[in-house]
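Data block below; observations after.
Whatever order the structure lists them in is the order used to number ligands and atoms, beginning at 1. Nothing here was measured: the structure is a model prediction, and the numbers come from that model.
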Amino acid sequence: MELNKLTIQEAAEGLRKKKFSSVEITRACLDRIKKCNSEINAFITVCEESALREAQRADALIAAGKATPLTGVPFAVKDAICTRGVRSTAAARILDNYIPAFDATVVGRIRAQGGVLLGKNNCDAFGHGASNENSMYGPVHNPHDLERVSGGSSGGSAAAVADSMCVYAIGEDTGGSIRQPASFCGIVGLRPSYGRNSRYGIMPMASSLDTVGPMTKTVHDAALLMETMAGRDPLDATTVADPVPAYTKELKKSAKKIIIGIPKEYFELDGIDPEVKKITEDKIKQLEKAGCKVKEVSLPYTKYATAVYYILVPSEDSSNLGRLDGVRYGVRAPADNLFDLYAQSREQGFPEEVKRRILIGTYALSAGYYDAYYKKAQQVRTLIKKDFDKIFEQVDALITPATPTPAFKIGEKSQDPLAMYLADVTAIPASLSGLPAFSVPAGKTKTGLPVGVQIIGGRMNESMVMKVGEKILQL
Ligand code: GLN
């Protein structure tokens, strides 16, 4: 048995029944990382020694009968998420030497249950990108075709799960960064509702859109992780106090007749790949045959979502990234005066895309342009959200392609920021509206590249998107 290939559910059962130890699964993952990371580049940091120590501790907990389903199961975390005692660079040189003194709340909750941290996943720097080519530690290669991107920004996490270098990973999604790489690499990725999971310790990109969620091999594993990750956190005032649903139980409950909405705008996008469209439409037909009610709906403001996103996100970015100036922490460039110190630290520490966002955001927020850009974008954001509110009075979930195309070639879009931004078109509307959205594998192209479908749910209704996701996987 290849232990690194197990799901959380299988690993937990094997550990409980003493078929193998946590040290053995951890070693299996570390061996896989050693074998494949040099070509895939999914990890920036691997913490072999501490992982094996944590695995030993987990084995002791299991022997003492104190295990939960996450105890002793090895996982990886996107490098833009803080991990106590483990270097967290966000894939930018400005944080090359940063070792957080604390865990992000979601990571702390998993570690408190005896989860074994294997290391930190490569990503686009501070989450900026859709291909993982904006990492200052090199691009991630898609395990299904090494010449192609893994998606972004949580591309290292998706590749690590797809290649079984870890049992599961924790990613971050502002405008698709969990769902798009999940789709490109053929795994399951959940963006929870805004406010469901604490953002404390997630390096902020756009605080009003950032979320953190599970990237797994199965829907059940995503549900299981959400039970630990989710819920109110006094350290993040935007987390909601609602009780956390028993997601795994909800998954098993047979659903009443589910009404699925098909937003026509997502199928009429310029540049949508015919194979992606066909795979998505086939799944919808099969769902209908399996008893779901399917109806076409319209979200007319969707067409403005990408433009709105690329004003609001850089605006929040320009403010959030201001803290990284070479003075307080992170890498400091040598300089003769204060101005050069800021300028050189930021010049050397950020990749081009991050600088581009800071410049766009600073411009959009500046006096004279604020009303024309930032304020206008916020107004349209409200309209986009209202579109969804209206639709969720009539349907339980929406189904769309997860991405307009399958994984593209490394280098294909990296010189054309606008083409790269358009890769987010299917992911962004749910992000702007704070809704849960889920990407599950739906098939493969003729050349063998994975294709995902996206399920968008009403606010705080992760249970529904996971239920529909599970149905799709069973078709
Ligand atoms: N591609 C999106 C962007 O570059 C995704 C960001 C994210 O979700 N972190 O903004």
Do NZ/NE/NH1/NH2 and the carboxylate oxygens of [X] and [Y] come within less than 4.0 Å?
{"X": "K467", "Y": "E470", "result": "no"}
{"X": "E352", "Y": "K355", "result": "yes"}
{"X": "E133", "Y": "K413", "result": "no"}

inquiry  = Does only the side chain of M205 get under 4.0 Å from ligand 1, or the backbone, or both, or neither? Count heavy atoms.
reply    = side chain
query = For ligand 1, does E353 get within less than 4.0 Å through its side chain, its backbone, both, or neither, judged by non-hydrogen atoms?
reply =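 None of E353 does.
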task = Only heavy atoms count here, so choose which of P417, A206, S177, G175 is nearest to atom 9 (N) of ligand 1.
result =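 Comparing heavy atoms across P417, A206, S177, G175, the nearest one to atom 9 (N) of ligand 1 lies in S177.
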message = Tell me whether the count of non-hydrogen atoms from other residues, nucleotides or ligands lying under 6.0 Å of CD in E268 goes above 12.
response =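 More than 12 within 6.0 Å, yes.
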ask   = In terms of heavy-atom contacts, does OH of Y247 have more than 12 from other residues, nucleotides or ligands at under 6.0 Å?
value = yes
Are [X] and ligand 1 in contact, using a heavy-atom cut-off of under 4.0 Å?
{"X": "D424", "result": "yes"}
{"X": "R357", "result": "yes"}
{"X": "Y310", "result": "yes"}

Distance flag, aromatic centroids of F102 and Y200, threshold under 6.0 Å = yes
ask   = Between G129 and ligand 1, is there a nitrogen or oxygen pair with a distance under 3.5 Å?
value = yes
Which ligand 1 atoms does [X] reach within 4.0 Å, using its non-hydrogen atoms?
{"X": "G127", "result": "6 (C), 7 (C), 9 (N)"}
{"X": "E172", "result": "9 (N)"}
{"X": "H128", "result": "4 (O)"}
{"X": "G176", "result": "8 (O)"}
{"X": "D173", "result": "8 (O)"}

query = To which protein heavy atom is atom 10 (O) of ligand 1 closest, and what is the distance rounded to 0.1 Å?
reply =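 Protein heavy atom with the smallest distance to atom 10 (O) of ligand 1: Y309 OH, 2.6 Å.
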inquiry  = Can you tell me how the ring of Y370 sits relative to the ring of Y374, calling it parallel under 30°, perpendicular over 60° and tilted otherwise?
reply    = tilted
remark   = Paired with E172, the salt bridge (charged side-chain N to carboxylate O under 4.0 Å, His left out) test is passed by just one of K78, R199, R191, namely K78
key: Residue that, paired with Y137, satisfies side chain to side chain donor-acceptor pair (under 3.5 Å) out of D96, N132, N122   = D96
